[in-house]
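Letters go in sequence order (proteins before strands), and every chain restarts at 1. Since this is a predicted model, take the numbers as computed values, not measurements.
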There are 4 protein chains.
Amino acid sequence: MARASLTGVSAAKEPNPARRSQRSRRAVLEAARELVLEVGYAKLTIEAIAARAGVGKQTIYRWWRSKGAVVFDAFLALSRGGEEEPIALPDTGDIEADLKTVMRATVAEFADPRFEAPIRALTTEIINDPDLAAQYREKLAGPVDEAKKARLRSARDAGQIAVDADLDLALELLYGPLHQRWLHRSGPLTPEYADALVDLTLKALRP
Amino acid sequence: MARASLTGVSAAKEPNPARRSQRSRRAVLEAARELVLEVGYAKLTIEAIAARAGVGKQTIYRWWRSKGAVVFDAFLALSRGGEEEPIALPDTGDIEADLKTVMRATVAEFADPRFEAPIRALTTEIINDPDLAAQYREKLAGPVDEAKKARLRSARDAGQIAVDADLDLALELLYGPLHQRWLHRSGPLTPEYADALVDLTLKALRP
Amino acid sequence: MARASLTGVSAAKEPNPARRSQRSRRAVLEAARELVLEVGYAKLTIEAIAARAGVGKQTIYRWWRSKGAVVFDAFLALSRGGEEEPIALPDTGDIEADLKTVMRATVAEFADPRFEAPIRALTTEIINDPDLAAQYREKLAGPVDEAKKARLRSARDAGQIAVDADLDLALELLYGPLHQRWLHRSGPLTPEYADALVDLTLKALRP
Amino acid sequence: MARASLTGVSAAKEPNPARRSQRSRRAVLEAARELVLEVGYAKLTIEAIAARAGVGKQTIYRWWRSKGAVVFDAFLALSRGGEEEPIALPDTGDIEADLKTVMRATVAEFADPRFEAPIRALTTEIINDPDLAAQYREKLAGPVDEAKKARLRSARDAGQIAVDADLDLALELLYGPLHQRWLHRSGPLTPEYADALVDLTLKALRP
DNA sequence: GGATAAACGAGACGGTACGTCCAGTCTTATA
DNA sequence: TATAAGACTGGACGTACCGTCTCGTTTATCC
């Protein structure tokens with residue numbers, strides 16, 4: 001943010017990240033993760049996170065903008081166990097089979113009760129906070145989407161889907177229906193559903 | 001609900017809907033609608049609604065379960081101006097043209113800043129409250145979806161889409177991508193986007 | 001009150017006492033008495049009285065000015081079981097013995113836990129409501145005090161106390177100390193205490 | 001209070017008095033004092049005190065048990081302007097004159113409208129809250145009574161009152177009647193009344 | 001290695017809103 | 001027309017958290 005250096009108006013002096021306590025940071029993120037599962041996102045409070053983490057409230061306010069930012073960070077840290085190697089989807093040459101593998105896994109994840117609370121928490125936050133939505137796209141969805149698009153590109157090169165296919169749109173076609181069904185709880189999330197989505201999408205993208 | 005007679009557990013005695021003040025009901029819903037637009041859903045408070053409506057807080061708590069339920073009702077009442085005649089989509093015989101008309105309208109609606117706040121409010125609430133989600137499906141989405149499916153059915157009878165097409169899935173294919181893009185703000189909502197969605201969906205559903 | 005006839009300003013029309021439901025009146029007073037004992041005066045509510053009595057709240061507001069008025073009436077009705085024959089103190093000719101009899105009884109009454117709650121309720125109300133205090137003096141304390149003064153007058157005529165003794169003051173001398181000790185819980189209420197008060201008072205009043 | 005260590009039941013963690021804001025404390029007490037005078041004890045609310053004092057409600061609830069406790073503290077702080085030197089009554093050697101001086105002052109105080117509200121407030125609270133009554137005896141009445149008893153003791157030593165006189169009872173004889181008359185508004189509070197009380201009491205205590 | 005400055009835990013603070021309770025008024029339907 | 005029932009506006013209750021603000025207490029460079 002570095003407001004001071006940019007504007008010269010600074011009132012709130014910036015904390016020095018070099019001196020940040022990693023112990024506290026980790027305790028906060030872990031407490032946030034636990035509490036989202038225990039009480040749900042809506043009933044999650046900064047106060048409870050601080051207490052559970054054994055951390056002063058100020059420490060949280062010092063390093064995060066909002067409750068949403070903490071939760072976001074918590075699941076960001078979780079989803080990438082720190083690893084940095086690029087994500088890659090299976091590529092057997094058979095785009096249909098590969099996509100079904102991936103979509104079945106995704107559907108299973110969405111149907112898993114243990115993912116329920118955190119994903120809903122994240123989604124709630126993203127809806128109303130454009131900043132977090134941007135971060136989400138950049139840090140979480142982005143890399144994954146890139147991997148998916150890479151696989152689609154490879155299929156396009158292999159002539160399995162139309163050369164002029166809009167890959168962003170293709171992803172939306174795959175994941176949008178699933179996301180909506182999950183969000184509105186408007187139907188079952190089964191492997192068959194995953195397969196059907198892949199079939200339809202591939203038919204739509206056919207050359 | 002008549003909880004008493006069903007469960008014998010009831011302690012909170014049910015209010016008698018016959019004696020409900022319509023004046024208060026309407027004032028609350030209108031205040032809720034105004035305030036969602038003015039301050040957004042997250043900063044909306046029951047207290048503010050009561051004050052704006054000139055109503056005791058208890059009157060709100062007596063008739064609605066939560067802030068979400070009030071807002072939901074507010075937009076439910078709004079979306080159906082009381083009319084009861086069934087919703088119907090245009091049917092010129094040309095499914096592509098008809099769907100494009102409808103989707104362009106929908107996309108425009110989602111892009112309209114005046115719809116922004118209420119739809120996000122509704123979505124936020126639906127994510128975390130299965131009850132409201134069910135009500136949403138039944139009272140708001142349901143009738144509209146039924147009309148859409150009727151149009152698709154007519155197209156199917158005309159041989160424009162596959163006889164074995166799953167119409168629920170078809171709807172998800174049309175609206176899921178749009179909804180996701182809007183929610184995540186991951187791309188522009190233009191008439192071209194609407195057209196592209198229709199094109200892809202119809203291709204996927206082709207006999 | 002008859003505000004209408006006196007001022008011609010009346011807005012609130014007076015209820016007609018002739019049509020008053022004696023059943024409701026009695027139910028209210030009994031409920032008030034019970035509830036004072038159960039929850040104490042401070043936590044007593046009109047609503048609870050109405051509910052317990054099986055009476056509409058309006059019926060209470062129609063016939064009583066305040067919670068205090070109801071409680072007052074309740075104990076007024078109780079203290080005089082409806083009887084109207086004048087109260088009289090024992091008169092054996094021995095003022096000391098007679099007063100000790102009476103004072104011991106009074107002290108016992110104040111010390112009795114069953115009298116605790118109602119008397120404190122009454123006193124609380126009287127402190128802050130001059131109207132009720134006046135009613136108290138007139139309807140409850142008055143007749144009793146008159147009886148006490150009659151006995152003292154008889155003693156004065158018998159030459160047992162000074163001819164110029166102020167009988168009102170004499171009563172205060174007898175009952176004020178007791179009342180204060182009870183109110184402040186600043187000492188035990190025993191028969192010996194009663195006797196000591198009588199001894200001192202009589203010594204003070206001696207010719 | 002250290003309830004935890006004594007009972008092991010405590011859940012509510014005790015605030016740390018060392019960190020208490022003296023600024024807030026004083027503002028609350030002053031606001032309470034003002035408001036009792038302006039609206040009376042019965043209509044006094046914690047909310048109003050907090051607002052007037054510019055203090056959060058929680059700050060009041062953190063440090064006082066009840067409205068009564070605040071008001072009590074307010075007048076406790078007032079009555080002893082912080083001074084700690086022991087209270088002493090005049091001792092000219094003439095017990096009658098000295099007592100009349102003191103009682104006339106007390107009577108005047110009770111008759112003073114500015115004392116009316118606070119004393120009634122205090123009394124109301126004391127009647128129904130044994131804890132506050134105990135505090136009252138200990139912190140307010142106690143020291144004063146001790147001073148009065150010291151004066152009576154000196155009179156006893158001088159042979160002006162009986163050697164076996166019960167001094168607590170003597171005080172009740174002096175102040176009980178006054179207190180009752182004031183409370184019930186059953187008679188005028190004049191200097192003559194004060195004198196009469198002293199005369200009677202001294203006659204009762206005469207050797 | 002001791003000084004010193006930042007981040008830290010703790011938690012009190014002024015506030016806002018919560019959801020509940022009750023006051024006192026108003027409305028409806030019995031009797 | 002008085003009543004029982006109970007919905008209404010209004011306002012205080014006591015609680016929960018917010019985000020800010022001291023407090024000492026670590027902790028981590030810099031002299």
Indicate every side-chain donor-acceptor pair of residues 51-63 of chain A with a distance under 3.5 Å to a residue at least two apart or in another chain.
from    : atom 1 : to      : atom 2 : distance (Å)
A:Arg52 : NH1    : A:Glu34 : OE1    : 2.5
A:Arg52 : NH1    : A:Glu38 : OE2    : 3.2
A:Arg52 : NH2    : A:Glu38 : OE1    : 2.9
A:Lys57 : NZ     : A:Glu47 : OE2    : 2.7

Atom CH2 of D:Trp64 and atom P of E:dA12: how far apart are they, to the nearest Å?
14 Å
Just to verify, what does B:Arg120 make a side chain to side chain donor-acceptor pair (under 3.5 Å) with, not counting sequence neighbours?
B:Glu116
Ignoring backbone atoms, test whether A:Arg62 places a side-chain nitrogen or oxygen under 4.0 Å from the OP1 or OP2 oxygen of E:dC8.
yes
Base versus backbone protein contacts along nucleotides 15-20 of chain E [heavy-atom cut-off under 4.0 Å; B, S, -]
B-BBBB
So if I take residues 15-26 of chain B and measure heavy-atom distances to DNA chain E, which residues fall below 4.0 Å?
B:Arg19
Return the value, rounded to whole Å, for the distance between atom CD1 of B:Ile60 and atom P of F:dC8.
11 Å
Using every non-hydrogen atom in the two residues, find where A:Leu132 and A:Gly68 come nearest and quote the distance to one decimal.
CD1-C, 3.7 Å
Quick one: NZ on C:Lys43 to CG on D:Asn128, what's the gap to the nearest 0.5 Å?
11.5 Å
Of F:dT9, E:dC8, E:dA12, the nucleotide closest to the side chain of A:Thr59 is E:dC8
Please name all residues satisfying side chain to side chain donor-acceptor pair (under 3.5 Å) with B:Ser66, sequence neighbours left out, ordered by chain then number.
none
Mind checking the CG-CD1 spacing from B:Leu122 to B:Ile127? Nearest 0.5 Å is all I need.
10.5 Å
Should C:Trp64 and C:Val28 count as side-chain neighbours, where that means a heavy-atom distance under 4.5 Å?
yes
The complete set of salt bridge (Lys or Arg N to Asp or Glu O under 4.0 Å) pairs with one or both residues in residues 20-30 of chain C, sequence neighbours excluded, reads none
How many Å lie between CH2 on B:Trp63 and C1' on F:dA7, as a whole number?
8 Å
